[in-house]
Every structure is written in structure tokens, then in C-alpha cells.
Trainee: 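Before I ask anything, here is the structure I am working with.
Only this structure's heavy atoms are used, side chains among them; waters, hydrogens and symmetry mates stay out. We count ligands from 1, going down the list as the structure has it; atoms in each ligand are counted the same way.
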Amino acid sequence: MRIHSLTTRFLLTLLLSTALPFLAFGWYARAEMEERLEQQVVQVFLPQLAQQAADEIKAQLERIEQAVGMLRNALMKVLREGGDSLDVALEVDLTRNFDPDLVLLADGAGRVVGQRLHPRLDRETPASREQLLPQDVADKPWFEALNRGRVAGAWWGKRHLSEFLHRTPNKESYDPEDYSFALAFSVPTRTTQRGVVFALFSWIEVQQVLDQTAQFLRQDAGFASAEVFLCNAQGHYLAHTERANYVRGRLPLELAVQLPIGGDPVEHPYRTAAGEDRRAGFASVDKPPFEWWIGVHARDDELLRTSRDLSNVLLFVTAITAVILVVWSMVASRAILRPVRRLAVATESIARGDLSTRVPARGRHELADLGRAFNRMAGDLDSRTEQLRQAERQAAWAEMARQVAHEIKNPLTPMRMSAQLLARAKREGDPREPELTERLIRTVLEQTDAMARIASDFRHFAGPPARTLEVLDADDILTDAQRHFAGMAEIGNARVEFAPGAAGAQVRVDREELRRVLLNLLHNAIEACRAGDGPRDRVTMVRVTSAPTDAAVVYRVEDDGPGVSGEVQPKLFDPYFTTKSSGTGLGLAICRRILEAHGGHIALETSGPGRTVFRFELPRV
Ligand code: ADP
């Protein structure tokens, strides 16, 4: 129990001191990392990406502006100075990427004096396209604005389906190529009136920026759900990576954010009508006169996948490390506690008396040292105990021999004296010879009885004979003792009454041994009465009874002798304790040993002048 609690304590200490703080750290680091990554991805990455796309579109518009500016300069030179022909000026090499779909040059009166069509335009046959191209643009808003000087620099036209390129414009077109946007500059002429150069660009120039951004997001960043769009400040779609949105018009409500003009990029989490969590980043295209915004959005789970993957890895690593720590500490604690447990078991075994117990003690560590010390101690204890046992055995035998010699001397003295008396009477012709002969015979009989008893006591005490148990009627023990006792010389003038009262109860006993118990008690009772102060010929009353209880049979041996004095009582059952000159002190010790071997016990129940009761009990069958 103690060892187990040691293991538990060890584990708890380890958990509290290492695993828990480690887990807490892991947990904190995970939460912190997740939050930071989310911030990075969501609050920084998406708006930044939108900003990049917005900057790209701005640069695109500026390049377009530059290209048309170059064209304007070439035309201005021709119109002012004569020089090359208009056609040559119109063919001026614009940066290849920004070739306009259509360039128109109008003079101060609005007459179209030059035109340039991109060769890739094959939507209409050349002949019919010629018909689409205007001869006069005086009524066009861009011409009016620039010709009359209402717009200082450049005039920008928004996304539209141009009447110059399409005979019947399809207002529901999904194809960015169908859409155009325009840029016009005024061109000073020799007269006071200003001409206008007007260029139409394909909306593809804008769409490409969006598509590239989306491609980067989908392929390089791994956000397959990413979409990129261009809208105006009023929340109308102008371009979208999903072409379907070309005819959609307004941004869905959940995506419509208040967009500050020319403000910082904005981050916006939202849930779609289909219940999908997404996040968007907005950035404004800082190119007047446009109030355009780029929007980039993707699904939340995709955006946060990396951070969640990372945090899961961290959590996994933390948990695995904690498990390894705990397992390792369990193994370590077992390794430490196993020898300790062995020592505890060995100690208990030694305490139970098995001095041959040893523990394995290999190795150089402290526990092995402890084991060796334990084994040394057990060895010493073993040999010392053996020495002690031998010494005790010798002492016990010496004591026994001394006692036997002493006991045997006592009955010999009266026999020798009687014999000497008889011999003298015979020699002297003493007339008391027959009487003395009678006395000698009686003395010899009495003393040989006593010697027989002494011999029997010692033999029984030294080692009881093999026990044969049989089930007897409880009262049989009394009748058996009565029968044996009847023929014994020591009865003298004692009156021994047997009163069996346990009819029907049975006990499992060795008949011989129980007889010995009763005879010992009877013998003691009679002797005690004789040793009392009363006259020698007083009639001694001894009573032997039996009575059943629920679980046992109680036997009592009562006498009317002088009783057992107070200081003698605690020692009554000690071996060799006697108050008699001819006693061995073994009688009661033998009684107790026999009764305990039968599962019973014996005690002095009452003792006082005139009444002494020894009581013993045997369990019922
Ligand atoms: P022993 O009879 O050889 O002395 P026991 O062990 O039988 O040895 O008895 C020990 C002592 O107990 C006796 O010497 C005696 O003093 C005391 N004793 C035993 N029975 C009685 C009794 N019935 N009345 C008084 N004293 C007793």
C-alpha cells in the first residue's frame, strides 16, 4: 500500500512539476500561435493581397495612360508641324501589351481624321466594322468634354460595351473581352480648336490582374475557394474571376462593406447565404477619377488551415511528449520501487521467522547496496539465531536433567528410610516388623506412583506423543478419568465426585491427553487440600463437572483446599513453576498446551480458602 502510494506520489509530483506545466505551455503556445497566424493571414495577408492587386491595376491604368500619351504626342507633332502623315503617326509603337483595340483621332470639329484598329479584332468582318466606325464624334461626351476644355487632362470612360465594336451590344455578356474602357486626350491643333485622340482598351487588361491574383491564391497559397473582384464605391461589380458576376450587378449584402474612399485596406469576415464562413480583404485602386476597390475572399477553413494544421501538430507533439514523460516516469518509478518492494516483502518474511530470505542485489547503484546490506543483515541474524537456539537447547537440556535428578531424589528418600527402619527391626527382632513391612510396601507403592508421574510429565513436556483425535461424548472424558483415578493410591481419604452434565454434546479429542488433563487437575486439587493447614486426616472434597454451552463444553474441577495465593496466580501455567517440594511445575503447563492444541483453553476461575475452581473448555463438534 505504501509502495503504491509512493508510486502515485512520484507520478503526481512528476505530473505537477513537469507534464502539467509543459502541457499548459503547449496549450498557451498553441492558442497564441493560432491567434497570431490568424491575424497574419486574415488581417494582414488578405488585405495586402487585395492591395497588391489594386496597385497592379493602378499601374496598368498608368501604363495605359502613358501609352495613349505617347500616341497623343506623336499626333500632336503631325497636327502642329505637318511632318509625317497621320497614318504613320498612328502606327507609333505602343508598348506591345497596351495596344488599344481602337484609336480614333478627331479634329477640332469632331470629324474623324484618323483611325487604327487592332488586327486581332475579328468579331465583325472588316467591311461591316468599317460601317460601325463613326465619321463624326462631335456629339460624343468625351469629345465635348475635351474639345470644350471641360476636362483638363485625360478623359476616362468606364467599363462598357462599345458601340464602335459591336453592332448589337450583348448587355448580358459574361466575356470580359466584350467590354471596353476608354481613354481620351485633347490634342492641340494649329487652330484654336482642340482635336481629341480616343483609345478603346479591352477590359481583359483589368481582368488579367484579377485572374493572376486568383491564380496565385488558388495554386500557390492553396486557397482553392479564393475569388477576386473589382467593384466601385457604390458596390457594383466591375469585374470578377467568376465570370457569372459580370451580369450580377451589385455585391451580395453580406459582402457589402462601407468602403472609405482612398482609405486603408479593410478586412471583413462574413457568412454567405449558403452558410459558408468566408473572409474578404478590400483595397482601393488609388487612381482618380476611378473609385474602384479590389476585393479578395476565400473560405475561412482554407485560410486558417495552415494555422490549424500547425497548432494541431503542436498539440500532438505536446501530448506525445507528455505521454512519453508519464510513461517514462512510470517505468522509472517501477524500476526504483521494485527493489524497495522486494525489500519490504523480504523484511516481512524475516519478521515471520524465515531467516533464509535474501533479495537480489546486482549492480552498483544505491538500491543494490541497500539490498546487499539487507542480505548481510539477514545472514548475520540467521547465524546468530542458530547460535542462540543451540545455546538455549543446551541450557534447556541441562535444566531438564537437573529437574529430573531433583524430582527422582524426592520419592527415593521415604522409600530408603522405610527400608532402613524395616531392616533395623528385623535385625533387632522388633515386634513392629509386620507393621513396618506394611508401611514399606505402602511407601514404595506411593513413591513409585509419584515417580511414574514425574517420568510421564517430563516425557510429555519434552515432546507430546502423536495425537489421535476421535469424536467422543463430552461426558466420556469424565467417566474415563473416573475409571483410571479409582485405582490410584493418591486418593487417600479424598472424596472425589464426578457429575457429568453435558449429555449429547460431543468433542473431538485425544482420549489419552484429555485424561492426563483431568488427572493433573485432580492430583493438584487433592495435593492442595493435603498441604492446607487443616488436620491431615481431613476429608478432602473434590468435584468434577461438565456442562454444555452453544459452542463448547465447559469442565470444572473444584476443591475445598486453601486456594491459590495472589502472587502465585499469574505464574500458575508457567513451566517449572511449583510451590511443592516434590512438584515438577509441569502439570498445568502441560494442561494448557494440550487444551490449546485442541482449540480450547484453561483458566483458574475462582480461588479462595475453601473453594478453588479450575475451568477448561473444549469446542463442540
Ligand atoms: P506441580 O503440581 O508439579 O507443582 P503444577 O503446574 O501442576 O505443578 O502446579 C503448579 C502450582 O500451582 C502448584 O505448585 C500449586 O502451588 C498450584 N496449584 C495447582 N493447583 C492448585 C489447587 N487446586 N489449589 C491450590 N494451588 C494449586
Trainee: What is the closest protein heavy atom to atom 10 (C) of ligand 1, and at what distance does it sit?
Mentor: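 Of every protein heavy atom, F577 O, 3.4 Å lies nearest to atom 10 (C) of ligand 1.
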Trainee: Is the shortest heavy-atom distance from the side chain of F25 to the side chain of T318 under 4.5 Å?
Mentor: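 A side-chain contact is absent here, since even the closest heavy-atom pair is not under 4.5 Å.
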Trainee: Kindly identify the option in V557, I454, L588 whose heavy atom sits closest to atom 5 (P) of ligand 1.
Mentor: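 Shortest heavy-atom distance from atom 5 (P) of ligand 1: L588.
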Trainee: Is atom NZ of K426 surrounded by more than 12 heavy atoms (other residues, nucleotides or ligands) closer than 6.0 Å?
Mentor: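 Counting neighbours around NZ of K426, 12 or fewer heavy atoms of other residues, nucleotides or ligands fall under 6.0 Å, so no.
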Trainee: Just which atoms of ligand 1 are under 4.0 Å from any heavy atom in G563?
Mentor: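 Matching atoms, with element in brackets: 25 (C).
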Trainee: Quick one: look at F614 and ligand 1, take heavy-atom pairs under 4.0 Å, and tell me if it's side chain, backbone, both or neither.
Mentor: side chain
Trainee: If the threshold is 4.0 Å, N to carboxylate O, is there a salt bridge linking E513 and R516?
Mentor: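 Not counted as a salt bridge, because no side-chain N and carboxylate O are separated by less than 4.0 Å.
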Trainee: Using a strict 4.0 Å cut-off to heavy atoms of T584, name the atoms of ligand 1 that fall inside it.
Mentor: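 Every atom of ligand 1 under 4.0 Å from some heavy atom of T584: 3 (O).
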Trainee: Considering both backbone and side-chain atoms of E527, is one of its nitrogen or oxygen atoms within less than 3.5 Å of a nitrogen or oxygen in ligand 1?
Mentor: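 For ligand 1, there is no N or O atom that lies under 3.5 Å from one belonging to E527.
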Trainee: What about T612: any of its N or O atoms under 3.5 Å from an N or O on ligand 1?
Mentor: no
Trainee: For ligand 1, which atoms sit closer than 4.0 Å to a heavy atom of L572?
Mentor: 12 (O), 17 (C)
Trainee: Suppose we measure from atom 24 (N) of ligand 1 to each protein heavy atom; which comes out shortest, and what is that distance?
Mentor: A528 CB, 3.2 Å
Trainee: Is it true that E267 and R279 make a salt bridge, defined as a side-chain N closer than 4.0 Å to a carboxylate O?
Mentor: yes
Trainee: Could you check whether any side-chain heavy atom of I477 comes within less than 4.5 Å of a side-chain heavy atom of L618, counting everything from C-beta outward?
Mentor: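 I477 reaches L618 side chain to side chain.
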Trainee: Below 3.5 angstrom, do we get any N/O pair linking K580 and ligand 1?
Mentor: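 Such a contact does occur with ligand 1.
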Trainee: Does this structure show an ion pair linking R442 with E438, if we count only N-O contacts that are shorter than 4.0 Å?
Mentor: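 No, R442 and E438 are not salt-bridged.
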Trainee: Identify the heavy atoms of N520 and G587 that sit nearest to each other, and give their distance.
Mentor: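 That closest heavy-atom pairing would be ND2-O, 3.3 Å.
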Trainee: For G587, take its heavy atoms, then give the atoms of ligand 1 lying under 4.0 Å from any of them.
Mentor: 5 (P), 6 (O), 7 (O), 8 (O)
Trainee: Identify the protein heavy atom lying closest to atom 4 (O) of ligand 1, giving its residue, its atom name and the separation to 0.1 Å.
Mentor: T578 OG1, 2.5 Å
Trainee: Would you mind checking if R278 and E276 are paired as a salt bridge, meaning a charged N to carboxylate O distance below 4.0 Å?
Mentor: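 Yes.
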Trainee: If you measure from the Lys or Arg side-chain nitrogens to the Asp or Glu carboxylate oxygens, is any gap between R495 and E497 under 4.0 Å?
Mentor: no
Trainee: Closer than 4.0 angstrom, basic N to acidic O: yes or no for R389 and E392?
Mentor: no
Trainee: Out of D574, N524, V564, who gets a non-hydrogen atom closest to atom 7 (O) of ligand 1?
Mentor: N524
Trainee: Any nitrogen or oxygen of G585, main chain or side chain, under 3.5 Å from a nitrogen or oxygen of ligand 1?
Mentor: yes
Trainee: To which protein heavy atom is atom 14 (O) of ligand 1 closest, and what is the distance rounded to 0.1 Å?
Mentor: T579 N, 2.8 Å
Trainee: So, D430 and R432, do they make that salt bridge, N to O below 4.0 Å?
Mentor: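 A salt bridge links D430 with R432.
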Trainee: With a 4.0 Å heavy-atom cut-off (strictly under), which part of D559 contacts ligand 1: side chain, backbone, both or neither?
Mentor: side chain
Trainee: Is the closest heavy-atom distance from G561 to ligand 1 below 4.0 Å?
Mentor: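 It does not, in that no heavy atom of G561 comes within the 4.0 Å cut-off of ligand 1.
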